[in-house]
Asks: 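Let me give you the structure first, and then I'll get to my questions.
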There are 2 protein chains.
Amino acid sequence: MNYSRQRESIKDFLSTRKDHPTADTIYMNIRKQFPNISLGTIYRNLNLLSDIGEITRLTTGDGCDHYDFNTVPHNHFVCTRCHSVLDLEMDSIDDIVEVARKNFPGRIDRHCTYFYGICAECMDTSEEAS
Amino acid sequence: MNYSRQRESIKDFLSTRKDHPTADTIYMNIRKQFPNISLGTIYRNLNLLSDIGEITRLTTGDGCDHYDFNTVPHNHFVCTRCHSVLDLEMDSIDDIVEVARKNFPGRIDRHCTYFYGICAECMDTSEEAS
DNA sequence: TTCGTTGCAAATGTTTTGCACCTGA
DNA sequence: TCAGGTGCAAAACATTTGCAACGAA
């Protein structure tokens, strides 16, 4: 894999964000540095980087994938109101894989867990967080 | 909400399947009964039914949503080779919500956990299930 | 020189929607 | 009757891809 300034810029940008931006958000930001970069290049690099395990793709169910510079397995929270995606600093729950393996005929490699609710910011915005 | 034969047919079909078909698979099957039904109607009804909680939408990350007639919370297995989605009959892991709630400033309502691996059928197909 | 990478634009695949017509209550 | 549901086709949206030009080694 050759070096490319565009790919490096994408990695740099992603490493500065603790939220987990979408391809489009990344595109908007990288354009400040590379005004002519195309969305295709963004997607090609995000796919490439997640394929080789340098970043993590998050499919939260809001219609578009999010990307995380942190490749250490951890869990995420998704706000059902503002769709923000946050890291959860919580004790390991990886033993649920053992629970799932019991009586399952195939092979289970990993789990992917998302927690849904209302983030603190949205809770403040309206008292009755319906 | 008025009765509609198309919606009833979708529910009937979904209730007979223990795998979790996509909108397109549902479309192909309902067409046997309603040759002129449109994909728009399929999607409108799947959205409607999942909004009122009569079915469950599964976003597994393979590009299209799957639908489950069973609305009792349970966990799913996704085969990374053939993309089949299976129900897991396993002990409850809902206590992970409590783990996540610890030190989290917002409100956590529920979790959604997918287990990934190779299903028994794919394991048989090739011995070295890479 | 060579092959990976890019920008661009067109294509893809899934899902949504506007609208005129139909249908259930 | 009439709000809600449908079929159809077009649109929307996220993502992928073909291709000629560019750039790194």
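Chain naming here is simple, since letters A, B, ... match the order of the sequence lines and numbering starts at 1 in each.
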Asks: Once ring-ring contact (aromatic ring centres under 6.0 Å, His included) is applied, do any residues pair with B:Phe13, and if so which ones, sequence neighbours excluded?
Replies: none
Asks: According to the interplanar angle, ranging from 0 to 90°, do the rings of A:His74 and A:His20 count as parallel (below 30°), tilted (30 to 60°) or perpendicular (above 60°)?
Replies: tilted
Asks: Find the distance B:His83:NE2 to C:dG13:P and express it as a whole number of Å.
Replies: 15 Å
Asks: Filter on salt bridge (charged side-chain N to carboxylate O under 4.0 Å, His left out), then keep only pairs touching residues 14-26 of chain A, sequence neighbours left out; what's left?
Replies: A:Arg17-A:Asp19
Asks: Send over the distance from A:Ile37 CD1 to C:dA9 C1', rounded to a whole Å.
Replies: 16 Å
Asks: Is any side-chain nitrogen or oxygen of B:Ser38 closer than 4.0 Å to OP1 or OP2 of D:dA9?
Replies: no
Asks: Just the rounded figure in Å: distance from C1' of D:dG4 to CG of B:Asn45.
Replies: 11 Å
Asks: Summarise protein proximity over nucleotides 14-22 of chain D in one line of letters, 5' to 3': B for base, S for sugar-phosphate only, - for none, counting protein heavy atoms closer than 4.0 Å.
Replies: SBBBB----
Asks: Can you check the A:Asp62 CG to C:dT14 C1' distance for me, whole Å?
Replies: 15 Å
Asks: Just wondering, are more than 12 heavy atoms of other shown residues or ligands nearer than 6.0 Å to CD in B:Glu89?
Replies: no
Asks: Just wondering, more than 12 heavy atoms not from B:Glu54 lying within 6.0 Å of its CD?
Replies: yes
Asks: Could you state the CD-C1' distance from B:Gln6 to C:dG24, rounded to the nearest angstrom?
Replies: 11 Å
Asks: Which sits closer to the 5' end of DNA chain D, B:Asn36 or B:Tyr3, going by the nucleotide each is nearest to?
Replies: B:Tyr3
Asks: Whole angstrom is fine here: how far is it from CZ in B:Phe34 over to C1' in D:dT6?
Replies: 11 Å
Asks: Calculate, to the nearest 0.5 Å, the distance between atoms OH and CD1 belonging to B:Tyr67 and B:Ile26 respectively.
Replies: 7.0 Å
Asks: Kindly point out which of C:dG7, C:dT5, D:dT6 is positioned nearest to the side chain of A:Arg7?
Replies: C:dT5
Asks: May I have the distance from B:Tyr27 (atom OH) to D:dC8 (atom P), rounded to whole angstrom?
Replies: 8 Å
Asks: Does the distance from a Lys or Arg side-chain N to an Asp or Glu carboxylate O, for B:Arg101 and B:Glu98, drop under 4.0 Å?
Replies: yes
Asks: Just how far, in rounded Å, is P of C:dG24 from CG of B:Asn2?
Replies: 9 Å
Asks: Please state whether the phosphate of C:dG24, meaning OP1 or OP2, lies under 4.0 angstrom from any side-chain nitrogen or oxygen of B:Arg5.
Replies: yes
